[in-house]
Amino acid sequence: MKTEMLPCDERGISAAAGLLKKGEVVAIPTETVYGLAADATNEDAVAKIFIAKGRPQDNPLIVHISEVEDMEKYARDIPDVAYRLAEKFWPGPLTMVLPKKDTIPMATSGGLDTVGIRLPSDMTARRIIKSAGVALAAPSANLSGSPSPTSAQHVFDDMNGRIPLIVDEGCCTVGVESTVISFDGEGVRILRPGYVTFEDLLTVTENVVIDKGVTAELDAGAVVASPGMKYKHYSPKADIVLVEGDLADFTEYVGKNYGDGVYAMIFNSDAKGFPYRYVMYGDNDKENAAEVFDRLREVDEIGAKKVYVRCPSKNGVGLAVYNRLLRAAGFEVVTL
Ligand code: TXA
Ligand code: MG
């Protein structure tokens, strides 16, 4: 299959909508990462997403809508707090897991009786959903296990020959995937941290907990709140090690372990005088989020074999970056 790349103008949007209506898979931009979209209500279309990504069938897909009211087409028993969160954070990078209606096939929900719903803020994404006339199931548009794509080129690198079209809108602004939450009555549980932070959610309800799977490795066979938690994720070929400690200790540690193919991934402000090979991923949690996946792809391109990463903040959006890096590192953390 030839993979076409079109800009996010009228032509790109109508080509995408045409393919989606025919049950095909199209890569589309969102504010978080690029998504691999198909008609969420069409089992055959959704099956093509799993094939293109090489994704385990029990890992559910997020359903993307373009109007808040559409939530009720696909979800039922929606708690009041979900409406308040939608009002505050939609359109935007928040996914709410709710009991699903029969409009969502089991293929989309990975066999679960719940569905994750999100209303993206990216205008191209919303125009494509509207033009397609149906909600779109869309996981991140990377090969399963690889770093999520934050540019159309990343998508092309993974999906060339596997899908007919990529709609190109340049680089994603947020850079890490949406915050995924579930509900326990009026209480909220963070299953995957993202740009909408724990602190943000607390402004709407005081009842917010962070699932332990966010920062801890799960035992083999453990029952997980979100199937995505149990898979190896975001991994470049290079071996990633997350290192907690100040710059002086970090520098000394890299020095002790330095050799062929060893790189450091540091903050921009660390770079002056840093004596070893490095890449940089920004200076605060939002910059770290915007750059982390691009750097995880870059280290493979430059032939890194081992990468020691300076640990990001664990607060605010930093928690999302920390969560992705923990998985990229296979939970290998060195505390100095
Ligand atoms: O920002 C995003 O969320 C991007 C863009 C494209 O919208 N999408 C994305 O999808 O990251 P994906 O499939 O790569 O990650 C979805 C995560 C997975 O960890 C999955 O297990 C979890 O959300 N999830 C989806 N539906 C769920 C459900 N019904 N119950 C529990 N977890 C769910
Ligand atoms: Mg993903």
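Ligands are counted one by one from 1 in listed order, and the atoms in each one are counted from 1 as well. From a predicted model like this one, the values you see are computed outputs, not experimental measurements.
For atom 25 (C) of ligand 1, the nearest non-hydrogen atom from the set A37, P56, P60, G111 belongs to P60. Among R192, E31, K53, M96, the residue whose heavy atom lies nearest to atom 15 (O) of ligand 1 is R192.
A salt bridge is absent between R126 and E31: the closest approach of a Lys/Arg side-chain nitrogen to an acidic carboxylate oxygen does not fall below 4.0 angstrom. Note on R327 versus E217: no salt bridge recorded, every NZ/NE/NH1/NH2 to OD/OE distance being 4.0 Å or above. A salt bridge links K256 with E252; the closest basic N to acidic carboxylate O contact falls under 4.0 Å.
Contact atoms of ligand 1 toward N59: 18 (C), 20 (C), 21 (O) (distance under 4.0 Å to a heavy atom of the residue). Which parts of ligand 1 touch A138 is read off a 4.0 Å heavy-atom cut-off, strictly below it: atoms 6 (C), 8 (N), 10 (O). Atoms of ligand 1 lying under 4.0 Å from at least one heavy atom of T114, given by number and element, are 28 (C), 29 (N), 30 (N).
Within the 4.5 Å cutoff, the side chain of C8 has no heavy atoms near those of the D168 side chain.
Side-chain contacts under 4.5 Å among hydrophobic residues (ILVMFWY), followed directly or transitively, place L112 with no other residue at all.
When heavy-atom distances to ligand 1 are checked against a 4.0 Å cut-off, V180 comes that close only through its side chain, counted from C-beta outward. Contacts between S140 and ligand 1 below 4.0 angstrom, taking non-hydrogen atoms only, involve backbone and side chain alike.
With hydrogens and angles left out, the side-chain atoms of T150 and D294 include no donor and acceptor closer than 3.5 Å. For the residue pair R192/S178, the side-chain donor-acceptor check at 3.5 Å is satisfied.
Checked by distance only, ligand 1 and Y34 stay at 3.5 Å or farther apart across all their nitrogen or oxygen atoms. The shortest N or O to N or O distance between S178 and ligand 1 is below 3.5 Å. Between T32 and ligand 1, a contact under 3.5 Å exists for at least one N or O pair.
Legend: residues meeting ring pair (Phe, Tyr, Trp, His ring centres under 6.0 Å) with F293, ordered by chain and number and at least two apart, are Y234.
Judged by the shortest distance from any of its heavy atoms, K100 lies outside the 4.0 Å radius around the atoms of ligand 1. Ligand 1 has no atom lying under 4.0 Å from any heavy atom of P93.
A pairwise comparison of heavy atoms in H154 and S148 identifies ND1-O, 4.5 Å as the closest pair.
Judged as a salt bridge (Lys or Arg N to Asp or Glu O under 4.0 Å), the pairs with a partner in residues 84-98 (not counting sequence neighbours) are, in order, D80-R84, R84-E186.
Neighbouring protein atoms of the Mg ion (ligand 2) (N, O or S, distance under 2.8 Å, waters ignored): S140 OG.
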Task: Evaluation steps, side-chain hydrogen bond (donor to acceptor under 3.5 Å, both in side chains), between T205 and N207 - done: CA-CA 5 Å; T205 170; N207 194 346; 5.6 Å; no
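Screening H64, E169, R118 for a side-chain hydrogen bond (donor to acceptor under 3.5 Å, both in side chains) involving T30 leaves a single residue, R118.
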